[in-house]
Amino acid sequence: MNIAQIETALQKILKPFNKESFIYDLLLAYGQPKASIKRLQEGGLNLSKTAGEIIWKKKLFFKPVEGEDLHVLIDTIKADDKVTKHDPRFIIVTDFQTLLAIDRKTSDTLDIPILEIAKHFDFFLPWAGMEKAQHQNENPADVKAAERMAKLYDEIKKDNPTKTPEEVHNLNVFLSRLLFCFFAEDTGIFEKVQFTNAISSHTQTDGSDLQAYLDKLFVVMNTENSKRKNLPHYLDAFPYVNGGLFRNKHQAPAFTRRSRQALIDSGQLEWKDINPDIFGSMIQAVITPEHRGGLGMHYTSVPNIMKVIEPLFLNELNEAFESAKGNNKALNQLLQRIWNIKLFDPACGSGNFLIIAYKELRRLEMRIFKALSSLAFSNINLGNFYGIELDDFAHEIATLSLWLAEHQMNQEFFKEFGRTKPALPLKETGNIVQGNATRVDWEKVCPKIEGDEIYILGNPPYYGARVQDSEQKTDVRNAYNNEKIHKDADYISCWFIQAAEFIENANSRFAFVSTNSICQGDHVAILWPRIFKKSVEIFFAYEAFKWSNNAKDEAGVTCIIVGLRNIQSLPKFIYKNQLKIQVSNINGYLANAKNIIVEKRADPISPRPKMVMGSQARDGGFLILSPLEKEQIESMYPAASVLFRKLVGSEEFINGIERWCIWISDNDLKIAESIPPIQTRIKSVYQFRISSKAKTTNGYSAIPHKFAQRAHKNTGSIIIPAVSSERRDYIPFGFMDEKTIISNRAFTIHEQAPYIFAFISSKLHMVWVKATAGRLETRINYSSGICYNNFPMPMLSDNQKESLAVFVFKILEERESHSEKTLAQLYDPDKMPPGLKEAHHQLDLAVERCYRSKPFESDEERLEYLFKLYEQMIEEEKTKGTLFEVEKRPTKKKK
DNA sequence: TATCCGACAGGAA
DNA sequence: TTCCTGTCGGATA
């Protein structure tokens, strides 16, 4: 059973409506088996002893009554043990006028005239095996409307294939006009159900004349009443709408019986309940087929939009209002200011940010009117709202949604003040432009006139350097003026660069929701030097949070919010763990510290063994084996033993997982080729590499028996897992023997130097790593170029090196005494064994003594110290090209 | 030859 | 479903 069938069945119940069979018809409509219904009807399945009542285990409690208070009744039933022990999913009571129902699983309730049951078909969908849990926090009206539009869209599309961009645009415009009409007839812009009724009574049921009818109707809506001639009443009854929505001639699509019916069905929804802010995104997802799987996965939730709007401008306006209260002159000035504010979303989608911002401004305006006892009308002009959107349909919807928002706010205004402007004709909102924001001149979209107060906001698209298509690559290259550095930049950085340019030296600020990548690791050095070259600063930031909205498939990404303004001596804030913390500066890492940027470097900043990335198989998985696979081959071909090596990456090392790889030295190639299962795997590697789209990988098809990149040396080594949970106080490192292959998800130092182990294991290093490393989501993503090579280390005497070894061995000893546990368990911050913790603490102190005699008191102090050292080392390298000796530095300062 | 990261990915609870 | 935590390999220097 699909939704459409259920709806049709429900409509059939109503005509003619039969009290006796109602409940059975209802169950049948949701696809319950006829045989069960029959048994229920005959009493076999009915667990209730009371006449008239029906209890169907797990499914239903039903009680028809006359003249009783239904609400009281249903509350009693809800609490009745005799009912609940059968665990019915739904409780339904009705006097055949009103129907009340409770969904006992979700606690949703239904309270409707029984004849409207078809409208609320979704309530009982769990009977048909369809749960509504995924929409629980979503406004059901939005979801329903989006689903209905999807159905209508599919029907129309069937008979009106769109091939050219013009045809697509045509259909997009048509749909936004329809949406407007549906909304208008439910919210008092038109007469109640005027549009839907007109269609159902004035067009043929086979849909044949609907196209012509709509074309005529839309012309009427674009014609002022005074200019209309000889129109039949059913057309003339429609008001003049204008506002650009019906201005251009776009032919309506052709209709069939089915698509006409789908249109009428859509009209029958209660459109007045929809939220244009979120609804727009859902509709957009429905219409853009590639997004349909993840219905609205990229729309920004209202709470997150508020996180942008409030610090960007709303808090300030609210404060201004509070302090102006009682001072009419100041209040009027504030009104003037609000009326002139421009809002600009250069990636506006279906307009969520603009709509929420618009609504908030209208609400503030209402509060001011109240404080002034003003009799004025709203003067916040949709013309001050600007947007750029790549997707044509979204951009149509954005314009439409702004109108809907305006109308909803006018209604709110009417409730409060008893007066409002007429809804029609619509005013111009010509400012949502379709285009690629990275290529459009923003000032052409949102003109910057002397004195204008402009806020730029939004949630531009994020694409890492490896997932951009060639167009996007070009966009990025242009944003970075062709500088080489652009090649690792995220797509969103284009918006940051353009916005920074836009606001510089203007009365303007911007804030975006962004991927957290741009404020981490490698990317900081790519983007932020360019931004800070201008006279702008970060004035607020939200620390990383996981992306979430109410869509079925949320996008998998971790976000931040960053706000920038021209340099000013006003407070700055970091929002962290629900706290708002005032800080003196916010740097490119979103930390309260100087604008230092740690660039990756190929070699260590002071003498120390090189750290390199492990060996990368790039093999399609064919060179890598589970212990079982390895044993199977070995048991048949004992000679294969020499070809296997243990393979250790982050996961294997931290979680103690055993994994093997085929590691064939040139001498062993003959053996390998003599073993059929190995031979097969080598062939598979060849296939994988030759068919890869990466040119470098194709090249490695010449050596299919080997890892593509072989960092391994036959020496003992230190392993540095690349990715590690941020919850741990220490990233666990370890020594590896010369046989073990370290994979590309870990780094390695080809030397078992205890003093290096000591330094990288120290708290000082951890603090440094947490500050500078890239992240996988919020995990630590260690890198040699950033974390290790830049880490300021003092020069050490041999004695010092040796004395550090003692502390390292103590740590290994402590780990060994819990050898049954994995490192993940040992380094779980909540369960770390005291002995291990103490061993690490002792090592921390020993390492810190190598830097200075005075102990550190906090991680902040450690970090500040390290950054100062880092700066000195960089400075020294630049000026003298010599290496820095840490021991002497602090004493020099004292003198 | 060596990297750094992913509007993620995949197993555990 | 929610929580937790790290693979694999592309693209480019």
Side-chain angles (χ1 to χ4, degrees), chain A residues 131 133-134 136 291 294 296-300 347 459-468 470 473 484-492 513-518 520-526 546-549 551-559 600-603 610-624 647 649-655 657 659 688-689 692-700 707-711 721-728 731 743-748 773-789 822 824 827-828:
Chain A
E131 287 298 334
Q134 63 227 24
Q136 235 170 44
H291 295 158
M297 70 193 286
H298 289 170
Y299 83 80
T300 315
N459 175 25
Y462 332 145
Y463 294 110
R466 306 294 180 281
V467 292
Q468 291 159 18
S470 60
K473 287 254 176 211
K484 250 188 188 172
I485 201 162
H486 81 272
K487 289 184 173 162
D488 277 319
D490 194 286
Y491 197 42
I492 197 179
V513 182
S514 167
T515 166
N516 61 344
S517 301
I518 62 162
Q520 285 162 2
D522 207 20
H523 206 294
V524 178
I526 297 173
K546 208 163 169 48
W547 174 265
S548 99
N549 62 23
K552 283 182 209 165
D553 298 305
E554 291 184 349
V557 64
T558 300
C559 299
K600 72 172 166 189
R601 51 186 299 147
D603 295 301
K610 215 167 151 47
M611 180 189 287
V612 296
M613 183 168 259
S615 303
Q616 186 174 63
R618 238 188 278 178
D619 61 337
F622 298 108
L623 292 175
I624 298 172
L647 179 71
S650 299
E651 187 171 19
E652 293 78 20
F653 178 64
I654 293 174
N655 293 309
I657 295 166
R659 231 171 152 211
F688 171 80
R689 288 186 183 160
S692 163
K693 64 174 180 166
K695 271 201 178 135
T696 45
T697 306
N698 298 153
Y700 291 116
F707 273 39
Q709 278 154 5
R710 300 164 304 282
V723 178
S724 167
S725 168
E726 71 276 18
R727 288 179 59 243
R728 295 181 188 123
I731 304 176
S743 88
N744 67 318
R745 272 336 255 148
F747 290 86
T748 175
R775 303 269 171 158
L776 178 54
E777 291 276 286
T778 44
R779 293 331 69 68
I780 292 166
N781 202 340
Y782 197 98
S783 79
S784 55
I786 296 167
C787 305
Y788 180 75
N789 290 346
T822 64
Y827 282 82
D828 182 325

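Sequence lines set the chain letters: A, B, ... in the order given, protein chains first and strands last, and positions in each chain run from 1. The figures that follow rest on heavy atoms only: side chains count, while hydrogens, waters and symmetry mates do not. From a predicted model like this one, the values you see are computed outputs, not experimental measurements.
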Classify [X] by what it touches in the nucleic acid, base, sugar-phosphate, or nothing, heavy-atom distance under 4.0 Å.
{"X": "A/Phe688", "value": "sugar-phosphate"}
{"X": "A/Arg728", "value": "sugar-phosphate"}
{"X": "A/Asn516", "value": "nothing"}
{"X": "A/Pro461", "value": "base"}
{"X": "A/Arg601", "value": "nothing"}

**Request:** Taking side-chain contact (heavy atoms from CB on, under 4.5 Å) as the test, write out the residues that go with A/Thr558, two or more places apart.
**Result:**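 For A/Thr558, the residues satisfying side-chain contact (heavy atoms from CB on, under 4.5 Å) (neighbours in sequence not counted) are A/Asn516, A/Ala544, A/Glu777, A/Thr778.
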Rounded to whole angstrom units, what separation is found between the [atom1] atom of [X] and the [atom2] atom of [N]?
{"X": "A/Arg745", "N": "B/dG10", "atom1": "CZ", "atom2": "C1'", "value": "15 Å"}
{"X": "A/Arg710", "N": "B/dA2", "atom1": "CZ", "atom2": "P", "value": "9 Å"}
{"X": "A/Ile654", "N": "C/dT7", "atom1": "CD1", "atom2": "C1'", "value": "13 Å"}
{"X": "A/Ile492", "N": "B/dA7", "atom1": "CD1", "atom2": "C1'", "value": "10 Å"}
{"X": "A/Arg689", "N": "C/dG10", "atom1": "CZ", "atom2": "C1'", "value": "14 Å"}
{"X": "A/Asn744", "N": "C/dG10", "atom1": "CG", "atom2": "C1'", "value": "12 Å"}
{"X": "A/Asp490", "N": "B/dC4", "atom1": "CG", "atom2": "P", "value": "17 Å"}
{"X": "A/His523", "N": "B/dC5", "atom1": "NE2", "atom2": "C1'", "value": "10 Å"}

**Request:** Run the numbers on A/Asp488 and A/Arg466 for side chain to side chain contact (heavy atoms under 4.5 Å, CB included), then give the verdict.
**Result:** CA-CA 8 Å; A/Asp488 277 319; A/Arg466 306 294 180 281; 2.9 Å; yes
**Item:** Closest-nucleotide 5' rank along DNA chain C - winner of A/Ile624 and A/Glu726
**Value:**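 Counting from the 5' end, the first nearest nucleotide belongs to A/Glu726.
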**Message:** Quick check on DNA chain C: between A/Glu652 and A/Lys546, whose nearest nucleotide comes earlier from the 5' end?
**Reply:**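 Final value for this comparison: A/Lys546.
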Looking at [N], does its base get a donor-acceptor pair with the side chain of [X] below 3.5 Å?
{"X": "A/Arg779", "N": "C/dG6", "value": "yes"}
{"X": "A/Asn781", "N": "C/dG6", "value": "no"}
{"X": "A/Gln520", "N": "B/dC5", "value": "no"}

**Message:** The criterion is side-chain hydrogen bond (donor to acceptor under 3.5 Å, both in side chains); which residues satisfy it with A/Arg779, sequence neighbours excluded?
**Reply:**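 Only A/Glu726 meet the side-chain hydrogen bond (donor to acceptor under 3.5 Å, both in side chains) criterion with A/Arg779.
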Given [options], which nucleotide is nearest the side-chain atoms of [X]?
{"X": "A/Arg659", "options": "C/dG6, C/dC8, B/dA7", "result": "C/dC8"}
{"X": "A/Glu777", "options": "B/dA7, B/dC4, B/dC8", "result": "B/dC8"}
{"X": "A/Asp619", "options": "C/dG10, B/dA7, C/dG9", "result": "C/dG9"}
{"X": "A/Tyr462", "options": "B/dT1, C/dT7, B/dA7", "result": "B/dA7"}
{"X": "A/Ser650", "options": "B/dT3, B/dA7, C/dG6", "result": "C/dG6"}
{"X": "A/Lys600", "options": "B/dC4, B/dA7, C/dT5", "result": "B/dC4"}

[atom1]-based separation of [M] from [N] [nearest Å]:
{"N": "C/dG10", "M": "B/dA9", "atom1": "P", "answer": "15 Å"}
{"N": "C/dG6", "M": "B/dC5", "atom1": "C1'", "answer": "13 Å"}
{"N": "B/dC4", "M": "B/dC8", "atom1": "C1'", "answer": "15 Å"}
{"N": "C/dC8", "M": "B/dA12", "atom1": "P", "answer": "15 Å"}

Might you point out which heavy atoms bring [X] and [Y] nearest each other, and give the distance in Å?
{"X": "A/Asn781", "Y": "A/Leu776", "answer": "CB-N, 4.0 Å"}
{"X": "A/Ala746", "Y": "A/Pro721", "answer": "CB-CA, 4.0 Å"}
{"X": "A/Leu623", "Y": "A/Arg689", "answer": "CD1-NH2, 4.0 Å"}

**Message:** Rounded at 0.5 Å granularity, tell me how far CZ in A/Arg728 sits from OH in A/Tyr827.
**Reply:**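 It comes to 10.5 Å.
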Filtered N/O pairs between nucleotides 11-13 of chain C and protein, under 3.5 Å:
| residue | atom | partner | partner atom | Å |
| --- | --- | --- | --- | --- |
| C/dA11 | N6 | A/Arg618 | NH2 | 3.0 |
| C/dT12 | OP1 | A/Lys473 | NZ | 3.4 |
| C/dA13 | OP1 | A/Lys487 | NZ | 2.9 |

So, is [X] near the phosphate of [N], with a side-chain N or O under 4.0 Å from OP1 or OP2?
{"X": "A/Thr515", "N": "B/dC5", "value": "no"}
{"X": "A/Thr558", "N": "B/dA7", "value": "no"}
{"X": "A/Ser725", "N": "C/dG6", "value": "no"}

**Message:** If only side-chain N and O atoms count, and only distance matters, is there a donor-acceptor pair under 3.5 Å linking A/Thr696 with A/Arg618?
**Reply:**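 Yes, because at least one side-chain N or O of A/Arg618 sits under 3.5 Å from a partner of the opposite role on A/Thr696.
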**Asked** Does A/Tyr462 reach the side chain of A/Cys559, with side-chain heavy atoms less than 4.5 Å apart?
**Response**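 In short, these two side chains touch, coming nearer than 4.5 Å.
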**Request:** Could you check which nucleotide pairs with C/dT7 in any of the strands shown, counting Watson-Crick or G-U wobble with both distances under 3.5 Å?
**Result:**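 Across all strands, not a single nucleotide pairs with C/dT7.
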**Asked** A/Ile624 and A/Arg659: side chain to side chain contact (heavy atoms under 4.5 Å, CB included), yes or no, with the steps?
**Response** CA-CA 7 Å; A/Ile624 298 172; A/Arg659 231 171 152 211; 3.6 Å; yes
